[in-house]
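Keep in mind that the numbers below use all heavy atoms, side chains included, and drop hydrogens, waters and symmetry copies. Per chain, numbering begins at 1; letters A, B, ... match sequence-line order.
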Amino acid sequence: MTTTATLLPPEFADLERFAADWIHPTERERNAFRVAQSIEDLDDYYQTLFPRMDALCEYIDQFSLEAMPASAARLLRLGQMLMEVVPAAEVYRQPDVPDSIAFDRFHIISPDDPIKVAEN
Amino acid sequence: MSSSPKVDLTPEQRLPDWANTRPVSDRYPEIDMGPLSIEPYVSEEFFELEREKIFKKVWLYVGRAERIPNPGDYFVQEIEVVRTKKDGRFPTFIICRDSNGEVRAFHNACQHRGTTVCWEDHENWKTHNRKYFSCRFHGWVYNTDGSLKFVPDENQFCNLNKAERGLRPVHCAVWKDFIFINVDPEPRQTLEEQIKPHAELLKDFPFEKIRKRGIWTATVDVNWKVAIDAFQEGYHVNTVHAATIPEAFNGPLNPNCRPTSIRLFEQGNRSVTFMVSPDFVPPETEKWVRQRGSSWYAAGGGETVNQFPGTNPDNDPFYAFDCHGFFPNLLVDPYIGGFYGHEFWPISVNKTRWIGSINFTAPEKPSDLITHEHGKTLLRDAFREDTVTLDASQVGLESGAIETTIMSDGEMAPRHLYNAVMEMVNS
């Protein structure tokens, strides 16, 4: 019998299907990923993640910003990706901002998140 | 709708009497409300005067001290507009914290033969750290306070006075962690004098607890003043932001997103307050974010509007955020829980480097990074809309089809900036 390694805590097995592709550590990468998806895929992500957000926050808030287990940090990234997806899914109804400056002229240089991820 | 229980007035009564007055220009009757020549937006000669009489004379914001927290931390800042020649190369500056913890600024030029000392890309927003600055050309070594420490093969120089060959300092001053420099060898006033009205309004704002979380930049083909003006009035919100924040600010009470109050100060400084619509029903996720903490315009009027120190100077009842226009090229926009802001760096008469940013109260727990990401994303996407108008404005201004612009009461901040620039250029 083989077991598949999971990237998320067992309580969040229902989100495991997003773990391979939807976890990105920076705003720049999350935004680039969002605009490359279809609105159907963004809707699927939004509809799956949003009902789980209270549980997700409760789980990650067990840890301090200075010592986050890797699996909790992945959950944090999934939560941040939801916030990236939200305006597209809730308001624009398309992946990128309508009537906006060209994507490649607008540079996201936001600082890294102030967290430390424990090796595991 | 939430409203303050202390004030027994209808929502309409608690807003300016827009039906019968133009509240800003009525308050400042000395200001000519007529059309404005477009020359300052399109003339290369005018731009040269701005470079000489404004940007090379005043204090310019270059970054937050939080970016260089430790001794030896530094970043390199290119400032195109203070170049020495009209078509000259863009000078760079070293902004650092020296080994004693003091913030300093230097011209980034080796005092041996002039070579750039620190070659880091100024646009990557990284902080670097060095014990010494060492020139890559011949290895001259400077301390972080700028003094010349070591010259290879020193005894082969005649008349080398090392005390006179330190990095050339630039006047540098810090207000509430905002670092400003002034390239004038003899600044005509202190930073405190230049920013006095803002420093008074913001004296209690807890900048020290707030951290930069989002930074975005774009080089736009537009005059720097046109770029600033797009961010210091609300008249555009109904149209430009129709896709991202269609009803957050401009609801039934204020359909054209007029500022609820504007304060004009000497030397081009100005401060504008905007309201949220109390009728705005936020999308589901925003409701969730508001329950957990705050968004960047979460107030929505009511009892919370005056609870964040340094915000809402005129006690506007449906307070959203203030826009403090620091002359010449900085906007600082505090709101309940943080501030966002803009820098506008002129490159040529019709090219500007824009930097937008958002700053939140420092996160205390991991989920704060999620709620912050919500406000960050909304604001960034709204800035994608703001910046798309800029090139189009300049194309029209340069087309020959328009000689003057006309600005309304709610566009008094752009008019005030324009008038201050004219005054300094003509002085």
S.K.: Less than 4.5 Å apart, side chain to side chain, heavy atoms only: is that true for B/Trp216 and A/His107?
M.R.: no
S.K.: Pick one of side chain, backbone, both or neither for A/Ala102, based on which atoms fall under 4.5 Å of a heavy atom in chain B.
M.R.: backbone
S.K.: Looking only at non-hydrogen atoms, find the nearest pair between A/Ser100 and B/Arg384 and report the distance.
M.R.: OG-NH2, 3.1 Å
S.K.: Check whether A/Leu56 gets within reach of chain B through its side chain, its backbone, both or neither, counting any heavy atom under 4.5 Å.
M.R.: side chain
S.K.: Closest approach of A/Asp99 and B/Val388, non-hydrogen atoms and distance?
M.R.: O-CG1, 3.4 Å
S.K.: Between B/Lys376 and A/Glu84, is the closest basic N to carboxylate O distance under 4.0 Å?
M.R.: no
S.K.: Give, as side chain, backbone, both or neither, the part of A/Ile108 having an atom under 4.5 angstrom from any heavy atom of chain B.
M.R.: both
S.K.: Before accepting this row, confirm whether a basic side-chain N of the pair B/Arg213/A/Glu27 lies closer than 4.0 Å to the acidic partner's carboxylate O.
M.R.: no
S.K.: What's the shortest heavy-atom distance between A/Val91 and B/Pro246, and which atoms?
M.R.: CG1-CD, 4.3 Å
S.K.: With respect to chain B, which residue among A/Pro114, A/Ser64, A/Ala72, A/Ala88 yields the maximal number of heavy-atom pairs within a distance under 4.5 Å?
M.R.: A/Pro114
S.K.: Distance check, rounded to the nearest 0.5 Å: A/Ile60 atom CD1 versus B/Ser367 atom OG?
M.R.: 5.5 Å
S.K.: Other residues, nucleotides and ligands only: do more than 12 of their heavy atoms fall within 6.0 Å of CD on B/Glu247?
M.R.: no
S.K.: Is there a donor-acceptor pair closer than 3.5 Å between any side-chain N or O of B/Thr285 and the backbone N or O of A/Val86?
M.R.: no
S.K.: If you measure from CD on A/Gln80 to CD on B/Glu373, what distance do you get to the nearest 0.5 Å?
M.R.: 4.5 Å
S.K.: If every non-hydrogen atom of A/Ser110 is compared with every non-hydrogen atom of B/Gly214, which pair is closest and at what distance?
M.R.: OG-CA, 3.2 Å
S.K.: Taking NZ in B/Lys126 as the centre, count heavy atoms belonging to other residues, nucleotides or ligands within less than 6.0 Å. Is the count above 12?
M.R.: no
S.K.: So which heavy atom on B/Trp288 is nearest to which on A/Met83, and how close?
M.R.: CZ3-CE, 3.4 Å
S.K.: Between B/Ala218, B/Ala242, B/Pro366, which has the largest tally of heavy atom pairs under 4.5 Å with chain A?
M.R.: B/Pro366
S.K.: What part of A/Tyr46 gets within 4.5 angstrom of chain B, counting heavy atoms only: side chain, backbone, both, or neither?
M.R.: side chain
S.K.: Just so I understand: if I count every heavy-atom pair under 4.5 Å between each of B/Val220, B/Thr127, B/Thr389 and chain A, which residue has the most?
M.R.: B/Val220
S.K.: Taking all non-hydrogen atoms of both residues into account, name the closest pair between B/Pro363 and A/Leu65 and its distance.
M.R.: O-CD1, 3.4 Å
S.K.: Which atoms of B/Glu364 come close to chain A, meaning under 4.5 Å heavy atom to heavy atom: side chain ones, backbone ones, both, or neither?
M.R.: backbone
S.K.: Name the region of A/Phe50, side chain, backbone, both or neither, that has any atom closer than 4.5 Å to a heavy atom of chain B.
M.R.: side chain
S.K.: Less than 4.0 Å between a side-chain N and a carboxylate O, is that true for B/Asp381 and A/Arg34?
M.R.: yes
S.K.: Answer whether the closest heavy-atom distance between the side chains of A/Pro87 and B/Thr377 falls below 4.5 Å.
M.R.: yes
S.K.: Counting only heavy atoms from other residues, nucleotides and ligands, does the tally under 6.0 Å from CD of A/Glu58 exceed 12?
M.R.: no
S.K.: Would you give the length of the straight line joining atom CD1 of B/Ile370 to atom CG of A/Leu75, rounded to the nearest 0.5 angstrom?
M.R.: 8.5 Å
S.K.: What part of A/Met53 gets within 4.5 angstrom of chain B, counting heavy atoms only: side chain, backbone, both, or neither?
M.R.: both
S.K.: So how far is it from B/Ile215 CD1 to A/Ile109 CD1, rounded to the nearest 0.5 Å?
M.R.: 5.5 Å
S.K.: Could you tell me whether the side chain of A/Arg105 and the main chain of B/Thr219 form a donor-acceptor pair under 3.5 Å?
M.R.: yes
S.K.: Tell me, side chain or backbone of A/Arg30 under 4.5 Å from chain B's heavy atoms, or both, or neither?
M.R.: side chain
S.K.: Using non-hydrogen atoms and a 4.5 Å limit, figure out which bit of B/Asp391 sits close to chain A: side chain, backbone, both or neither.
M.R.: side chain
S.K.: How many angstroms lie between CD1 in A/Ile101 and CG in B/Leu390, if you round to the nearest 0.5 Å?
M.R.: 7.0 Å
S.K.: Measure distances from B/Arg380 to the heavy atoms of chain A and classify the residue's part below 4.5 Å as side chain, backbone, both or neither.
M.R.: both
